[in-house]
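Single-structure report; data block below.
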Amino acid sequence: MMSELKELGYEPIQMLPVRHPITKLPLPLFFLDLKHNPKNPEIYSLTRLYNGIIKVEPPKPRKTIVQCMRCQQFGHTRNFCNQTARCVKCEGLHPTEKCNKPKDTPPICTNCKGIIQPTTEVVLNIQDYKEEQLGIRQFHIDLNQHQEHLL
């Protein structure tokens, strides 16, 4: 699918299958990340891919942005992280589980270098973050739509 999207002028970064939350079996849905491009909004009018009928939808927006529990950066989770582990307690280059920092010392934020208060919350709009910081626009593709009509 990625190669056909490239042929249509889109710049896909990754395509991830959606899994059922309980059974973990793959569903006929995919999350698609596209590199920022003025052509991207046209993907919503796309109805066919590899002679199959598809439906492209924007993902449901999250109220908060995800934070990686490995490198402490925003916009991805540890399942997809290839970066160096950063300790959430002391900002060291090691996993948090291996930190020797005393529990009575407040943790340090690896992103802003400030002291983390117990009530600190980061609330950002995920779409704005991805578009502005990462140059990515995410789409939801439903391959189950009208599959009985595949050519």
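Rounding to the nearest 0.5 Å gives a distance of 7.0 Å between CG of Leu8 and NZ of Lys39. How far CE of Met2 is from CD of Gln14: 8.0 Å, rounded to the nearest 0.5 Å. Within the model, atoms CD1 of Ile43 and CG of Asn37 stand 10.5 Å from one another, a figure rounded to the nearest 0.5 Å. We find the NE2-CD distance between His94 and Glu97 to be 9.5 Å, quoted to the nearest 0.5 Å. We find the NZ-CG distance between Lys55 and Leu29 to be 11.0 Å, quoted to the nearest 0.5 Å. Considering CE of Met69 and CG of Asn79, their distance stands at 12.0 Å, rounded to 0.5 Å.
Panel note: side chain Asn40, backbone Tyr10; no donor-acceptor pair is recorded below 3.5 Å. Although no hydrogens or angles enter the test, the distance criterion places no donor-acceptor pair under 3.5 Å between the side chain of Glu4 and the main chain of Leu49. Judged by distance alone, the side chain of Lys101 and the main-chain N or O of Lys89 form a donor-acceptor pair under 3.5 Å. Proximity of a side-chain donor or acceptor of Gln72 to a complementary backbone N or O of Arg86 within less than 3.5 Å is detected.
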**Message:** Working note: Leu27 + Arg19, criterion side chain to side chain contact (heavy atoms under 4.5 Å, CB included); need CA distance, chi angles, decisive distance, verdict.
**Reply:** CA-CA 5 Å; Leu27 298 172; Arg19 296 191 176 271; 5.9 Å; no
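Residues Gln73 and Cys81 form no side-chain contact, since every pair of their non-hydrogen atoms from C-beta on lies 4.5 Å or further apart.
What you find for Phe30 and Pro17 is that their closest heavy atoms are CD2-CA, 3.7 Å. In terms of heavy atoms, Thr96 sits closest to Cys87 at OG1-CA, 3.7 Å. Closest non-hydrogen pair, Leu5 versus Pro12, comes out as CB-CG, 4.2 Å. Across all their heavy atoms, Val56 and Tyr44 have their closest contact at O-CD2, 3.6 Å. Nearest heavy-atom pair, Cys68 versus Thr77, reported as atom, atom and distance to 0.1 Å: SG-C, 3.9 Å.
Within a 6.0 Å sphere centred on CG of Asn100, heavy atoms belonging to other residues, nucleotides or ligands number 12 at most.
Clustering ILVMFWY residues whenever any of their side-chain heavy atoms sit less than 4.5 angstrom apart, transitively, puts Leu32 in the very cluster that holds Tyr50.
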